[in-house]
Amino acid sequence: MEIQYLWIENYRSIEKQGFNFGSKYIFDFDFEKAELYCRENDQFIDNFFDLGTSNVTAFIGANGSGKTTILDFIKLNIAWDIGNTNLHYLCLFKEKGRDEIFVYNSTVKKLRLPEGKETLFKVTTKGRIEGKLISLSFPTAFIYYSSSIDYNFDRYYPGIDLSTTELLQESGVVKNMNRGDAFSELVHREIKMQMRFASQYKGILPFPLPEELHMNPHFLEDAQITSLMQVDDNLIPELSKWKKIIDDEIYSQRGDLIQVTTEIYKTLFWHSIRYLLKESLSDKILIILKSKSTDQLNVTWELLHSLYSDETLSLPKWHQVEIFFNMLKELESKKIMDYFFARFNFAIRPEGNFEKVDTLVKAYYDIAVVGDFLSFYWSGLSMGEQSLFSMFSRFYNARLEIKENFMSHINDCRVNVWGMSVFNEKPEVVILIDEGEVHMHPQWQKEFIYNLTHYLPAIIDMPKIQLILSSNSPFLISDLPNYNVVFLQSKENKTIVYKEQPTSFAANIHELLANSFFLDTPIGKLAENKIDEILKWLNQKEDLSPERVEYIHKVIRLVDDSVVQNKLLQLLALKIENVNWEQYILEQQREIIDQKLNKLKGKNT
């Protein structure tokens, strides 16, 4: 399925608006006349994007213009179960291997097709056939991605949801808002997806993927431990005693690899104590500590065993702790993991050892309910690289989900109205990306469309991908033909399609930024306010105080736009009595140029 046109009668901020998705035809719908118009797009180029990408459509607009609303409409009403809705809309789409344009019409109007093009379309209206609701089971997988968090956790999306919100929800954040286990589970899932992706696509991204997953212990400082002891005066003697015993045990092992493991025992022990104190279980802590002998070997390990074996405490099971530390020791013994004493840091190499490393990470997050006593991270990635790495890892996971789960759901009892193609092993894919470039540097934003069209088809590994994006960045559209971009505006809280299309494909980024659609002024708001403030002072009738003149002069010298700067200098010179303004401006310009030259000389030396 490839969406070509969508007309929505009324949905949130959208009221009787039509959206073209950049196909061979340009459509329009007159609701009053119930007439569909169609003309050929004379700029259209077939197979314009990289092989595997059927089309790319970008909805561009400021915050609040309705970009996300359109994606929401598609994912909540068209994805998977078109027709199973009470909303009035018109959806035109094509299916692979078919020449017809399929038209779903749920408006109250009987549709009039373009004269002379009736055979181009296959149309249905919402209704029932043999007692069953008309609803298409087209062989298309819908995937939604957003890195932002939408706090409407109750919203259900039947497609494949790769959004951070959905991952949090699946991790249990709704049911466990007061605990860290849901977020920890999310981090574990991200790391697992990233390890899986990195093991398969090491050389595919435009930057080298990290080879080492780093693990850092989160030690509690002595001051933090002392603060814990003071929660209950009865605990101070016992905790002080065991703190010294644990520290002595670690000191006796210094320089040995076993010290590393004991350090983590210690870290987990104190995090566990802190967790139990928050649960108001100081009495039970005291009973367990007093029952332990100080003469035993592996003191810290035995303390952990006593805590985690007590079923009256709200701690994970002891076997979960054993799984984590047994795997830690196995990775050390098989040289899959190295420890750097100088920086208390583990370096783990997942390649070729994915199952073992995943077992370690999963076991950690099973017991991390007591607190994040460790952290896992990939070294050497910028925020933009991490964002792209995370996004592509999620899409690779979606590929596996399509293969494992999608086929079992697609062939259900819904009526196949138009005899569409039988579902095969690889469905077509529609990908919805909501502001996927938000964490990226402008250079990465500029390359975002290329990276998606170039790498996603290989990662998803499906016949055809249609990309539908939302963004408020002008950097994306210089890679898109004008007819593939839908510019949106908000007028009186209603979403309006911007009719005067700005330039897009191969357009100069500076020209795009200068377009009033993106920026009402070409400078920052603070700078604009400062210049307006100076202009107000310079245009007033009253004389300026020497202090005010000095302040204005300093601000003018900060202005890097020479035209604006010269105009402000001219106005300032006219405001100052007994000053030859031409001479004044030349002197100021010379001083500014001298400063810039001195800076350049300093850089060269």
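Index from 1, following the sequence.
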Exercise. Below 4.5 Å, heavy atoms only, C-beta onward: do P217 and F346 meet side chain to side chain?
Worked result: yes
Problem set entry | NZ/NE/NH1/NH2 to OD/OE distance under 4.0 Å, K317 and E311 | no
Exercise. Any idea which heavy atoms bring L315 and L307 closest together, and the distance?
Worked result: CD1-O, 3.6 Å
Problem set entry | Point-to-point distance, once rounded to the nearest 0.5 Å, from CD of E212 to OG of S379 | 6.0 Å
Problem set entry | Under 3.5 Å donor-acceptor, H271 side chain and H218 backbone | yes
For this session: Without swapping roles, check the side chain of T267 against the backbone of F373 for a donor-acceptor pair under 3.5 Å.
Result: no
For this session: Using atom types as modelled and distance alone, determine if a side-chain donor or acceptor of R12 lies under 3.5 Å from a backbone N or O of T69.
Result: no
For this session: Might you confirm whether atom NZ of K244 has over 12 heavy atoms from other residues, nucleotides or ligands at distances under 6.0 Å?
Result: no
For this session: Count the heavy atoms belonging to other residues, nucleotides or ligands that lie under 6.0 Å from NZ of K362, then report whether that count exceeds 12.
Result: no
Exercise. How far does OG of S314 sit from NZ of K278, to the nearest 0.5 angstrom?
Worked result: 12.5 Å
Problem set entry | Nearest non-hydrogen partners of L277 and S282, listed with the distance | CD2-CB, 3.8 Å
Problem set entry | Between CG on residue D338 and CD1 on residue I348, distance to nearest 0.5 Å | 10.0 Å
Problem set entry | Shortest non-hydrogen contact from S473 toward I60 | O-CD1, 4.2 Å
Exercise. What pairs with S387 under side-chain contact (heavy atoms from CB on, under 4.5 Å), at least two apart in sequence or on another chain?
Worked result: H439, M440
Exercise. Would you say S490's side chain and S65's backbone share a donor-acceptor pair under 3.5 angstrom?
Worked result: no
For this session: Kindly indicate whether the side chain of V299, heavy atoms from C-beta on, has any atom under 4.5 Å from the side chain of T294.
Result: no
For this session: Show your reasoning for whether side chain to side chain donor-acceptor pair (under 3.5 Å) applies to S375 and N216.
Result: CA-CA 5 Å; S375 62; N216 280 7; 4.9 Å; no
For this session: Indicate the atoms forming the closest heavy-atom contact of I3 with F93, along with that distance.
Result: CA-CB, 4.0 Å
Exercise. Taking the side chain from Q224 and the backbone from E221, do they hold a donor-acceptor pair closer than 3.5 Å?
Worked result: yes
Exercise. When the ring planes of F197 and Y396 are compared, do they come out parallel, tilted or perpendicular, using 30° and 60° as the limits?
Worked result: tilted
Problem set entry | Residues E249, T262; criterion side chain to side chain donor-acceptor pair (under 3.5 Å); working and verdict | CA-CA 8 Å; E249 180 180 42; T262 308; 5.3 Å; no
Exercise. Looking at T57, T453, N484, L432, which hits side chain to side chain contact (heavy atoms under 4.5 Å, CB included) with L467?
Worked result: T453
Exercise. Mind checking what makes salt bridge (Lys or Arg N to Asp or Glu O under 4.0 Å) contact with E2, not counting sequence neighbours?
Worked result: none
Seminar exercise, completed: Taken to the nearest 0.5 Å, the spacing of D72 CG from I14 CD1 works out to 9.5 Å
Exercise. Is the side chain of R399 donor-acceptor paired with the backbone N or O of I459 at a distance under 3.5 Å, no angle test?
Worked result: yes
Problem set entry | Selection residues 281-323 - residue pairs positive for ring pair (Phe, Tyr, Trp, His ring centres under 6.0 Å), sequence neighbours left out | Y265-W301, W301-W318, W301-F325, H305-W318
For this session: For atom CD of E190, decide whether the heavy atoms of other residues, nucleotides or ligands shown that lie under 6.0 angstrom number more than 12.
Result: yes
Problem set entry | Pairwise side-chain contact, R349 with M337, heavy-atom cut-off 4.5 Å (strictly under) | no
For this session: Run the numbers on Y275 and W270 for ring pair (Phe, Tyr, Trp, His ring centres under 6.0 Å), then give the verdict.
Result: CA-CA 9 Å; Y275 172 78; W270 287 115; over 10 Å; no
Exercise. Is there a donor-acceptor pair closer than 3.5 Å between any side-chain N or O of N77 and the backbone N or O of F73?
Worked result: yes
Problem set entry | Short side-chain to backbone donor-acceptor contact, K67 and A58, under 3.5 Å | no
Problem set entry | Nearest-0.5 Å distance that lies between atom NZ in K75 and atom CD1 in I160 | 13.5 Å
Problem set entry | Electrostatic pair K329-E332, nearest N-O below 4.0 angstrom | no
Exercise. Taking the inter-plane angle between the rings of F59 and F21 on a 0 to 90° scale, is it parallel (under 30°), tilted (30 to 60°) or perpendicular (over 60°)?
Worked result: perpendicular
Exercise. Where is the tightest heavy-atom contact between N63 and E435, given as atom of each residue plus distance?
Worked result: OD1-OE2, 4.1 Å
For this session: Kindly indicate, with the supporting measurements, whether the criterion side chain to side chain donor-acceptor pair (under 3.5 Å) is fulfilled by R394 and T164.
Result: CA-CA 10 Å; R394 292 187 194 182; T164 302; 3.1 Å; yes
For this session: Take F19 and I70 through the test side-chain contact (heavy atoms from CB on, under 4.5 Å) and record every step on the way to the result.
Result: CA-CA 9 Å; F19 310 97; I70 293 171; 3.6 Å; yes
Problem set entry | Derivation of the side chain to side chain donor-acceptor pair (under 3.5 Å) call for Q194 and W378 | CA-CA 10 Å; Q194 290 167 2; W378 301 98; 2.6 Å; yes
Problem set entry | Donor-acceptor pair, side chain of T140 and main chain of M1, under 3.5 angstrom | yes
Problem set entry | Residues R196, D358: salt bridge by 4.0 Å N-O rule | no
For this session: Kindly determine whether D479 and K446 satisfy salt bridge (charged side-chain N to carboxylate O under 4.0 Å, His left out), including the steps that lead there.
Result: CA-CA 8 Å; D479 266 351; K446 188 170 73 72; over 6 Å; no
Problem set entry | Under 3.5 Å: donor-acceptor pair, side chain of T226, backbone of D222 | yes
For this session: Report yes if some heavy atom in the side chain of I264 is under 4.5 Å from a heavy atom in the side chain of F219; otherwise report no.
Result: no
For this session: Please confirm whether Y145 and F392 have ring centers closer than 6.0 angstrom.
Result: no
Seminar exercise, completed: Closest non-hydrogen contact found for I367 with P316 is CA-CG, 3.7 Å
For this session: Classify the ring geometry between F324 and Y364 as parallel (under 30°), tilted (30 to 60°) or perpendicular (over 60°).
Result: tilted
